[in-house]
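Have a look at the structure below, then the notes.
Source: prediction; values computed, not measured. Position 1 is the first residue of the sequence; numbering continues from there.
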Amino acid sequence: MANALGLVSSSLHPFWWRNRAPLCLSRSDKRAPFICCAVGDGSVEDHVLGAASSRSYRPSVVGMGSKLVGCGSSVPKLLISNDDLARIVETSDEWISVRTGIRNRRVLSGNETLSGFAVDAAKGALQMAQLEAEEVDLVIMCTSTPDDLFGCGTQVQRDLGCKNAWAFDITAACSGFIVGLITATRFIKGGGFQNILVIGADALSRYVDWTDRGTCILFGDAAGAALVQACHSDEDGLLGFDLHSDGHGHRQLNALAQGDHDKLISNSNGAPLFPPRKSSFSCIQMNGKEVFRFAVRCVPQSIEAALEEAGLTGSSIDWLLLHQANQRIIDAVSNRLEIPSDKVISNLANYGNTSAASIPLALDEAVRGGKIQAGNTIATAGFGAGLTWGSAIIRWR
């Protein structure tokens with residue numbers, strides 16, 4: 001079981017003065033900002049790449065707690081119902097809903113982009129938290145399906161106007177948001193960060209075989225976000241967590257890189273012609289039965305471990321919020337934990353499995369719908385490809 005305090009060195013003094021602006025040393029000025037290059041005629045491209053943040057220097061404190069103070073979500077316009085899928089593959093609304101609990105899902109269309117929905121979700125979280133984009137220190141983009149091969153966290157940072165923030169991507173599939181959330185709390189506790197945006201967003205429709213009724217019925221696209229803020233350790237909203245991975249289960253759920261398997265053509269001197277092959281990714285391949293067994297066995301164990309670390313029992317939980325993969329999984333986990341159905345949050349019927357977006361999307365709807373109230377304790381867990389899984393016991397606000 002992971003130790004919530006184990007990632008912070010005990011040798012750190014509780015107060016650490018840290019320079020917030022991105023700096024480097026130069027011969028003329030030991031505190032000069034690093035400027036990569038500049039191009040310039042006043043156009044959009046006239047931005048000075050690598051210019052230092054305008055944020056004034058201020059002290060940062062390590063050893064702080066973390067609390068969730070805002071959330072937001074955004075989904076595509078195009079709605080695909082089970083009846084719509086029945087026109088593509090041999091299936092029916094009854095067949096899908098009975099086996100999965102899903103009735104509709106949203107899918108990217110037209111000029112919509114994943115990063116665009118991530119930005120919209122993050123704006124909702126900032127608005128709820130009553131923060132400006134300039135006050136964000138870090139943007140963590142949790143996605144396995146970025147708009148760019150190299151990730152889109154920095155694009156989201158740019159479009160939000162988080163000019164004082166660092167940004168990076170996390171790839172952990174359906175566990176992504178949980179991993180990002182726990183990562184954010186470590187940056188606050190060990191690095192003195194104050195305000196961190198954690199965004200879960202995925203567009204798995206890009207990698208679905210729409211002729212395979214075993215997988216095309218499951219997935220949808222969406223984005224969700226949460227604002228994690230530093231607080232006094234006595235107010236810490238992360239009560240316990242637990243993380244795991246097992247690469248032996250990779251074969252049960254994946255989307256593998258694949259290339260053109262035609263034979264390479266060689267020059268007369270025997271050297272291969274370049275590029276030797278064009279790479280892409282396969283559609284999602286999943287062994288549904290094995291993934292189900294894995295989830296209903298490992299997720300309750302992970303939540304129980306996080307509860308133990310928090311010093312709580314299942315009866316202390318106000319809400320159970322699981323990754324929205326399949327209603328049968330949600331029901332099986334809640335039954336094993338003996339959590340009544342009226343304490344289980346599920347919006348799976350409307351959106352399907354939205355991967356890293358599913359937890360923050362459901363959280364946002366539950367908060368804005370008045371279900372989750374300030375001070376509520378939430379047991380949340382993500383699980384999926386890797387295989388990866390993890391859980392967190394959190395207190396809202």
Side-chain angles (χ1 to χ4, degrees), residues 1-5 7 64-73 121 125 128-129 138 140 142 170 172 174-189 193 195-200 224-244 299-300 302-324 330 333-334 337 339 343-347 356-369 371-383 389-397:
M1 181 177 66
N3 184 340
L5 302 178
L7 300 182
M64 300 292 285
S66 306
K67 60 181 178 179
L68 277 70
V69 296
C71 55
S73 61
M128 183 180 291
L138 175 62
I140 302 177
C142 309
I170 285 178
C174 302
S175 303
F177 181 77
I178 293 296
V179 175
L181 176 63
I182 294 169
T183 300
T185 67
R186 301 307 92 186
F187 272 98
I188 289 173
K189 185 176 288 290
F193 286 67
N195 297 301
I196 301 179
L197 270 171
V198 181
I199 304 169
L227 196 289
V228 185
Q229 189 173 74
C231 64
H232 193 277
S233 58
D234 292 343
E235 302 173 327
D236 196 350
L238 178 64
L239 308 180
F241 71 87
D242 181 69
L243 291 172
H244 298 272
V299 173
S302 179
I303 292 175
E304 288 172 344
L307 283 169
E308 181 180 353
E309 181 181 53
L312 300 174
T313 63
S315 61
S316 305
I317 296 173
D318 294 304
W319 299 103
L320 177 66
L321 174 50
L322 302 178
H323 164 52
Q324 306 287 292
I330 295 173
V333 172
S334 62
L337 293 172
I339 297 174
K343 290 187 174 184
V344 178
I345 294 172
S346 175
N347 65 356
S358 74
I359 291 175
L361 172 61
L363 173 69
D364 186 48
E365 287 197 344
V367 170
R368 295 179 188 274
K371 279 188 174 182
I372 295 178
Q373 301 289 325
N376 281 178
T377 299
I378 307 166
T380 183
F383 51 92
W389 67 102
S391 60
I393 310 301
I394 57 177
R395 182 185 299 115
W396 175 249
R397 307 263 260 189

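D364 places a side-chain heavy atom less than 4.5 Å from the side chain of M128. Side-chain contact between I394 and L181 is present, with heavy atoms from C-beta onward closer than 4.5 Å. T183 places a side-chain heavy atom less than 4.5 Å from the side chain of I170. Within the 4.5 Å cutoff, side-chain heavy atoms of L243 are placed close to those of I182. Inter-residue side-chain proximity for K371 and E365 is flagged as unmet; no heavy-atom pair is nearer than 4.5 Å. No side-chain heavy atom of S233 sits under 4.5 Å from any side-chain heavy atom of M64.
To the nearest 0.5 Å, atom CD1 of residue I359 and atom CZ of residue F177 are 7.0 Å apart. A distance of 8.5 Å separates CZ of F383 from OG of S175, quoted to the nearest 0.5 Å. Note that CZ of R186 and CZ of F241 are 5.0 Å apart. Values are rounded to the nearest 0.5 Å.
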When you look at E304 and E309, which way does the side chain to side chain contact (heavy atoms under 4.5 Å, CB included) test go after all the steps? CA-CA 9 Å; E304 288 172 344; E309 181 181 53; over 6 Å; no
Evaluate L312 against T377 for side chain to side chain contact (heavy atoms under 4.5 Å, CB included), listing each step before the verdict. CA-CA 10 Å; L312 300 174; T377 299; 4.3 Å; yes
Take I345 and I372 through the test side chain to side chain contact (heavy atoms under 4.5 Å, CB included) and record every step on the way to the result. CA-CA 10 Å; I345 294 172; I372 295 178; 3.6 Å; yes
Going through the distances and angles, do C71 and L227 end up as a side chain to side chain contact (heavy atoms under 4.5 Å, CB included)? CA-CA 6 Å; C71 55; L227 196 289; over 6 Å; no
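For the pair V198 and A184, the tightest heavy-atom approach, listed with the atom from each and the gap, is CG2-CB, 3.6 Å. In terms of heavy-atom proximity, S315 sits nearest to K343 at O-NZ, 4.3 Å. Of all non-hydrogen atoms in L307 and T313, the two that sit nearest each other are CD2-O, 4.0 Å. Between G382 and H323, the shortest heavy-atom distance links the atoms CA-CB, 3.9 Å. Nearest heavy atom pair, residue N347 against residue A362, reads ND2-CA, 3.5 Å. When all heavy atoms are compared, the tightest approach of G224 to A357 is N-CB, 4.1 Å.
Listed by chain and residue number, S66, K189, L238 satisfy the side chain to side chain contact (heavy atoms under 4.5 Å, CB included) test with D236 (two or more places apart in sequence, or in another chain). Residues passing the side chain to side chain contact (heavy atoms under 4.5 Å, CB included) test with K67 are V69, Q229, C231, E235, sequence neighbours excluded. Looking at residues two or more places apart in sequence or on another chain, you find a side chain to side chain contact (heavy atoms under 4.5 Å, CB included) between L320 and I303, L322, S334, L337, I339, V344, A379.
A side-chain donor-acceptor contact under 3.5 Å links N376 to the backbone of Q373. Using a distance-only test at 3.5 Å, with no hydrogens or angles considered, a donor-acceptor pair links the side chain of T380 to the main chain of L321. A donor-acceptor contact shorter than 3.5 Å is absent between the side chain of R395 and the backbone of L68.
Between H244 and W389, the angle of the ring planes stays under 30°, which puts this pair in the parallel group of the 30/60° scheme.
Inspection of the S391 and D242 side chains reveals no N or O donor paired with an N or O acceptor under 3.5 Å.
Under the side chain to side chain contact (heavy atoms under 4.5 Å, CB included) test applied with I140, the options V228, I196, V179 reduce to a single match, I196.
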